[in-house]
Amino acid sequence: MDNRNLRQLFSTSSPYNIEENDARFLAAMQETVKQVWNSSPEYRALAATFSFTPQALRTIKDLERIPPIPTLYFKRNDFTLKHGIGVEVTSSGTSGQFSHIRYTAAELLMLARMAVTLGRFHGLFSGRPVHYVILGYQPSRHNQMVISKTAYLSTWYAPALSRTYALVRREGEYRLEAAALVRRLLRCSQGRQPVRVVGFPSYASFLLKWMKKKGKRCRLPAGSCALLGGGWKQFAGLEISKEELKELFWDVLGIPAGGIHEFFGAAEHPVLYCTCGNGHFHIPAYGRVLIRDTATLKPLPPGETGLVNLLTPMTASLPLMSVMTDDLGVVRPGETCGCGIRAPYLEILGRVGAAGLKTCSAGAQEYWNR
Amino acid sequence: MLLIQGEIQENRQTENALRKLRRQIPRTLAAEPLTMEAVANAADRLARDVLEGHLTPVAPGYDVMRIARMFLRENLEKRYRLELSHLPRENGQGARFLRQPLGVLLHIAAGNMDVLPAYSVLEGLLAGNINLLKLPSLDGGLSLSLLKRLIGYEEKLKDYIYVFDTPSADTQKMRQLMGLAHGIAVWGSDAAVQAVRMTAPANTKLIEWGHKLSFAYLRDPEAPEKEQRELARHILTTRQLLCSSCQVIFLNTDDFETVKTFGRRFAQLLREQEEQYPVPKPVEGKLTIERLTRQMEGFYKENPCYRNRQSSVICCADSRLELSPQFGNVYVKSLPEKQLIAALWPQKGYLQTAGIYPKEEGLIRRLAAAGVTRICGIEEMSEVSLPDSHDGRLPLMEYSRLVSCR
């Protein structure tokens, strides 16, 4: 299969130049849509419900005509698709349902190129060896959760002196080893090698708050930074603002605001979004974001809040071309950020649903709090 | 926060409070019994505070005035008469019966209605019990302030009201609380009820107020528009979140065309009123995603849907009673009257209200036999009559026992 346009798109050296990448994006998307269409009868049936065919995709505006498939659909249904052998990743399903996605070696190479390009752009690479403190699961063959792999992969931006995990696999199960982690951080603050804290922002905030409460503060060596990614969905109600988190990092570990990099991505949307200097997720060449009306699903203009619909031509192993997330968000013009990147940026505002809903209809509480 | 003998205390005092309670309970049980009059007096003053505007309990989305009226003396006296005045006094064979409170009643309250925890305690008081209230996790302080005020109006009540803020996950403390009680009134979802069943001691009476499902049954699908409009209003105002909210409208027919015709017209009735009851964006988003998923799964091919901007009617090919998508999205299904009992059988423990048209004795008998516990007109599903039974039982009776005495 010729994926020339896809390869070109993922090897761009200017990941935030929309004009330069639009044509490639569209061409790559046309290829992927055709590929999925040809190999999956389920996709053809689904697309027919929305009167969508690959021929409908002629201009960049037509991207909105690709039926946005909810992540919920992937969790409840299967697609038969012909695809090469590869590595399987699983989304961190919080309700017991998981999506399985398989990438070929060629696709993994493209994703690696993306990670390298973005890493370079955002200054994540460093030749100086660092200690990694990873707030997540120690990877193992028992754990295919995408978040542990991304956490592991982000330890490749600088050579590793050591990797310390918060959740360590012992005797067949994961154990939280918070005390050991804190000891490690305190010890590192005595040394000269920088530290990189990697993991969920939720775990980071819990750890830092706990350290603060116990009076365990330190100043990590210059060049230390935090690479954070993942959501808050298991911890609804415990979220803290980005500002608060920045405060904590500075107060407890001495990591300045400029040293905090956040990532956003999803198993169903293998595109990496990295925060700019102003903490915004500009949309890179590999993906597009549509915001849709919460009732009608019509695409909304920039600045309006709605459902976050993520698009990418990456992989024909599943119809991930247009994925409807459970997030509410808004896309703003790049110019309004002020960091210099012209590509628009995505702000995630929350999740759909009604956690804490008051109801006494049988089964409703379970449904809405899921 | 805890409320122990009229005093508000910090959560860390829980151990202390439990020790104190163990000493105090036998003394209170030995004392002069609590009279219904004393309870009704205090509750009446509390209700008047609200009705006269001196106190504004935060209860968004609920009719505060209607809830306050439930606390008025005349309504409490009516309840007492309805539920406890017709008990047998003697058996004609030389034994007389004494009604007694259970003794100590633990309320494991749910947060599904803001005033509910306090009201559950009030019911326990009316029957004469010592009440331990375990607050729901999202209580926000309302129950505590209402009950403290109640004690302020009748000092005797301080020995009959104790509030704990122990999380359900703290099984050790929950066991201690349960161990003190003669009865446990548990409110909440299946999971909440199940959790109490697992931990409660075998010799403690459980009074379960679980979550329920309600529906409308139209023996005549040509019910007058006025009644249907009221049903539509009920669906929109309650958002189908209450145990008495209509989830499914059953039609006495086996013709799917009739179902579709009805569905189309009923969607129109919802459309006329939906703007008055806007749905929050995150809820709307979840409803839309669920709808999109079902559309992709081909669900609507066999189950046509008549959609408005927010509300919808989904005409289903089966006859199952089930939870609707809620927030103004109702199912319409065919269910010939002869199959009524068999069709409702799988949901037997969940059945609550049936709104019916027309009100006809044969239909009422059939629904009663199916296990429904409240039957009213389709236009009356939102109406609460005072006093009334609750889920087929009389709470004050549930919180009492009869002593046979020869």
Side-chain angles (χ1 to χ4, degrees), chain A residues 42-43 45-50 52 67-79 236-237 291-298 304-309 319 322-330 349-370, chain B residues 60-62 110-114 116 136-138 187-192 209-214 238-245 247 279-298 300-301 307-310 322-327 347 349-352:
Chain A
E42 293 90 349
Y43 186 74
L46 179 154
T49 322
F50 296 83
F52 174 76
I69 305 181
T71 48
L72 180 66
Y73 185 91
F74 293 109
K75 289 170 183 177
R76 292 210 299 229
N77 301 275
D78 287 321
F79 288 94
I291 300 296
R292 292 183 183 266
D293 185 280
T294 47
T296 63
L297 290 176
K298 287 210 178 78
E304 284 190 34
T305 301
L307 294 166
V308 176
N309 175 199
S322 179
V323 166
M324 182 62 87
T325 67
D326 289 333
D327 291 316
L328 288 169
V330 60
L349 301 173
R351 286 177 73 76
V352 299
L357 181 79
K358 297 185 175 187
T359 175
C360 49
S361 298
Q365 210 168 18
E366 294 83 343
Y367 175 77
W368 287 96
N369 290 325
R370 195 159 62 198
Chain B
Y62 290 97
N112 59 21
M113 196 169 132
D114 291 311
L116 189 98
S137 52
L138 297 164
W187 300 78
S189 64
D190 282 5
W209 306 108
H211 290 179
K212 302 288 170 194
L213 290 174
S214 296
T238 67
R239 301 174 167 224
Q240 297 164 287
L241 293 174
L242 305 183
C243 42
S244 56
S245 297
Q247 308 294 339
V279 174
K281 255 194 195 347
V283 168
E284 190 173 72
K286 179 146 169 144
L287 290 168
T288 302
I289 288 175
E290 184 73 50
R291 194 182 293 133
L292 179 64
T293 308
R294 282 181 153 194
Q295 190 181 353
M296 291 182 169
E297 289 169 343
Y300 298 116
K301 280 183 199 144
R307 278 196 61 191
N308 304 316
R309 188 182 152 88
Q310 288 173 9
E322 61 184 318
L323 183 70
S324 69
Q326 306 181 288
F327 291 93
Q347 303 285 32
Y350 293 117
L351 305 179
Q352 204 220 44

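Keep in mind that the numbers below use all heavy atoms, side chains included, and drop hydrogens, waters and symmetry copies. Naming: A, B, ... by sequence-line order, numbering from 1 per chain.
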With distance as the sole test, does B:Thr288 use its side chain to make a donor-acceptor pair with the main-chain N or O of A:Thr294 at under 3.5 Å?
yes
Among A:Ala364, A:Gly363, A:Gly353, single out the residue with the greatest number of heavy-atom pairs under 4.5 Å to chain B.
A:Gly353
Which one wins on heavy-atom pair count under 4.5 Å against chain B: A:Pro68, A:Ala45, A:Gly306?
A:Pro68
[X] side, atom [atom1]; [Y] side, atom [atom2] - distance, nearest 0.5 Å:
X	Y	atom1	atom2	result
B:Gln326	A:Trp368	CD	CH2	6.5 Å
A:Lys358	B:Leu242	NZ	CG	12.5 Å
A:Cys360	B:Trp209	SG	CH2	13.0 Å
B:Glu297	A:Glu42	CD	CD	12.5 Å
B:Leu323	A:Gln365	CG	CD	11.5 Å

Looking at every heavy atom in both [X] and [Y], which two are closest together, and how far apart are they?
X	Y	value
B:Lys281	A:Thr305	CE-O, 3.7 Å
B:Met296	A:Pro67	CE-CB, 4.0 Å
B:Ile289	A:Thr325	CD1-O, 3.3 Å

Decide, yes or no, whether a salt bridge links B:Glu290 with A:Arg76 under the criterion of side-chain N to carboxylate O below 4.0 Å.
yes
Between A:Asp293 and B:Arg309, does at least one N-O distance fall below 4.0 Å, as a salt bridge requires?
yes
With a 4.5 angstrom heavy-atom cut-off, could you sort out which part of A:Ile69 is near chain B: side chain, backbone, both or neither?
both
Non-hydrogen atoms of chain B under 4.5 Å away: do they reach the side chain of A:Asp326, the backbone, both or neither?
both
Exactly one of B:Gln247, B:Arg239, B:His211 clears side chain to side chain contact (heavy atoms under 4.5 Å, CB included) with A:Ser361, and that residue is B:Gln247
Residues A:Glu366, B:Ser189; criterion side chain to side chain contact (heavy atoms under 4.5 Å, CB included); working and verdict
CA-CA 8 Å; A:Glu366 294 83 343; B:Ser189 64; 3.6 Å; yes
Hey, is OH on B:Tyr350 packed in by over 12 heavy atoms from elsewhere, all under 6.0 Å?
no
Are any non-hydrogen side-chain atoms of A:Leu357 and B:Leu241 less than 4.5 angstrom apart?
yes
Quick check: do B:Lys286 and A:Leu307 have side-chain heavy atoms less than 4.5 Å from each other?
no
Answer with yes or no whether the side chains of A:Tyr73 and B:Gln295 bring together a donor and an acceptor at under 3.5 Å.
no
